[in-house]
Amino acid sequence: MQPDLFSTASQTDANAKPEEPDASNPPARAAWLRDELNRHNYAYHVLDNPSIPDAEYDKLFRELQALEAAHPELLVVDSPTQRVGALALSAFPQVTHSVPMLSLGNGFEDEDIIAFDRRVSEGLNITEVEYATELKFDGLAINLRYEDGVLVEAATRGDGATGENVTTNIRTVRAIPLRLHTKTPPKVLDVRGEVMMYKADLAKLNARQRDAGAKEFANPRNAAAGSLRQLDSRITAQRTLRFFAYGVGLLEGAEMPVSHSALLDWYAELGLPVCTERAVVKGAAGLLEFYKAVGQKRPGLPYEIDGVVYKVNSVEQQQQLGFVSRAPRYAIAHKFPAEEALTTVQGIEVQVGRTGAITPVARLAPVLVGGVTVTNATLHNEDEVRRKDIQIGDTVIVRRAGDVIPEVVAYVPEKRPADAQPFVMPTACPVCNSPIVKLEDEAIARCSGGWVKCAAQRKGGLLHFVSRRAMDVEGLGDQLVEQLVDKHIITTAADLYKLGFRALAELDRMADKSAQNVLAALEKSKSTTLARFIYALGIRHVGEATAKELARHFGNLEALLQASEEQLLEVADIGPVVAQSIRSFLSDPLNTELIEQLQAAGVRWPEHVVENKPKPFAGKTFVLTGTLPTLSRDQAAEKIEAAGGKVAGSVSKKTSYVVAGAEAGSKLAKAEELGIAILDESALLQLLETHEQN
Ligand code: D41
């Protein structure tokens, strides 16, 4: 389907990929670049399925720009360099923006920013310009039209002039107020901003996609775009999208704020989410300082950003500067080095985790990704390798996001060599040679050796035991555990507490001082909490939250040790799989022995009394009305009842809260009349959450 959209003189046969002409033939090279860019554009913007990394695309794009600048006769009106934005899918009606949505110029190097500041200060004839700085979210630009304070239309940016009407889907985004928080709203307000997805929400969505055998999203922008293009807004509602406002289009019936920072302050008052990591700075030095500070914070941010944005703060000065092509002269994006890169797969090996899980890992030709050299990347599991069809010899897109393990996003079909080798899952554990088994309903293959036979599992288990959120033994890292296990100094976690100064100090790269520190940290870790202890045991399916719940429910270890599967099922959020996993762990004499040894070594925690789960909604009556954005009526009722509340069918003076969704009717009116507190779904969830935390 792509070729007829993009057919040009140079590409006549739909399937024949023209040879890549080199720079000695500028007309052919330009035509080839146009075809390439158009094809990648389509894959990226229309199919939400990028075919090359952004940086690679930018490189081709800049090459074409340079070629056209050097040979103006080669410039054609439909060159990708002459178009901002992308094709729209036809399923959503077109919306013409009242004020065009401009694009944003960008720079990578400090010099680009210094040159930007120079252009601005010369344009304004001012020596030191004041800028508003903010984050550049990696999402999808959108326009929200509020009339008399009510959200009436939402449209994607599209090509800047026309976008797609995605109002129904946008209404499911909880971060976006359906009504502005003011009694005196402007007649018309176009709010511009970015729709995106938090890292954690994207990970959850991708896990669901994986379970459903559906395509995973390579980044939050694709996830946001894919979600907003859902024809069924119920699907959009199940995906947690976020929004940050950063610009304004048409404004009628209110004064335009005098500066960008004042605009964002106003937005915040109106209940619109705005970037919290923003500042007002002076001159190029101020800009670069902000860039550096954000770069350091970046890994810890809950969302992906691909750079920062600088805007001349004064709106009057912004207008004075005007535009170049379709980007304002007053703003620029300062991008971070690309977090995706192309490289080749030199081999695929497997790693063994603490539960024996076998993870295929791609060995890569070293490549710089976002400033760090990457030589291997996770392929998650065998099914993932099959689904992504990654083979040895392939050229692949590698991605590194924040502090997560680099991963292989996709391979580049055009570059697959004839002798590419598919991955073959080994049948025996590379560490202990035990058979690798895969249960039918599990995606993950495991080494069947267990920690008794498999050193990899022992190491993994020990590292988990000492990790920060478990026993929190500071200074006991990878390399120490590696040596302790390989030299057969320790086998189980209990052996850690038998370690003497000599044994530690004699290890490679251990000074007396560090050995002392490790011993002190081990001693300190003995005083812990029951929840941490349970988590540290590394029972499969028992994460931190489940461990906390188990500790709270049973109150002491003895009660947990004696709990039957049925009793375990009574614990909040524990289902049959988890209950079975806990029971089978605790039934293994090796494990109970370990627990005894740990306690004998002095590991202890304060005992506490079993308390019943608090019932924060006890005595409260709720009435549900209208359609909630994500919860069904039954689900909402279940949550309320689980918290001790009652759900009634009609509103009366005795009603504590009315939970209202879309198309709420007379019950809502009655509640307003009686002055009863009205909640929307997010307020209800928040109320539940606040209580859960207590
Ligand atoms: O966070 C962003 N992605 C972002 C995008 C931002 N913080 N500010 C932006 N400002 C503008 C102007 C200056 C034109 C109002 C933008 C964009 N534009 C933008 N995003 C996509 C196209 C343009």
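Counting starts at 1 for both ligands and their atoms, following the listed order. Residues: numbered from 1 along the sequence shown.
Counting heavy atoms closer than 4.0 Å to ligand 1, residue K136 contributes atoms from both its backbone and its side chain. Contact annotation: for Y246 versus ligand 1, heavy atoms closer than 4.0 Å belong to the side chain alone. Contact annotation: for I305 versus ligand 1, there are no heavy atoms closer than 4.0 Å.
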Practice task
Go through the steps for E134 and Y246 under the test side-chain contact (heavy atoms from CB on, under 4.5 Å), then give the verdict.
Solution key: CA-CA 9 Å; E134 62 198 28; Y246 58 64; 3.3 Å; yes
Problem - L135 vs F244, side-chain contact (heavy atoms from CB on, under 4.5 Å): CA-CA, chis, key distance, verdict - result: CA-CA 10 Å; L135 304 182; F244 286 98; over 6 Å; no
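Two residues are said to be in side-chain contact when any heavy atoms from C-beta on lie closer than 4.5 Å; P220 and F137 fail this criterion. Side-chain contact between I235 and R239: present, with at least one pair of heavy atoms (C-beta onward) separated by less than 4.5 Å.
The closest protein non-hydrogen atom to atom 3 (N) of ligand 1 is F137 O, 3.1 Å. Protein heavy atom nearest atom 21 (C) of ligand 1, with residue, atom name and distance: A141 CB, 3.7 Å. Atom 23 (C) of ligand 1 has as its closest protein heavy atom L102 O, 3.2 Å.
In this structure, of K311, R157, R278, M101, the residue bringing a heavy atom nearest to atom 22 (C) of ligand 1 is R157.
Rounding to the nearest 0.5 Å gives a distance of 11.0 Å between OG1 of T395 and CG of L364. Atom CG of residue N169 and atom OG1 of residue T156 lie 11.0 Å apart, to the nearest 0.5 angstrom.
With a 6.0 Å radius and a threshold of 12 heavy atoms from other residues, nucleotides or ligands, Q320 has its CD atom above the threshold.
Looking at ligand 1, you'll find an N or O of E134 within less than 3.5 Å of one of its N or O atoms. Residue Y330 has no N or O atom closer than 3.5 Å to an N or O atom of ligand 1.
Assignment of V248 to the shell around ligand 1 is not supported, since no heavy atom sits closer than 4.0 Å.
Taking every non-hydrogen atom of L135 and a distance limit under 4.0 Å, the qualifying atoms of ligand 1 come out as 1 (O), 7 (N).
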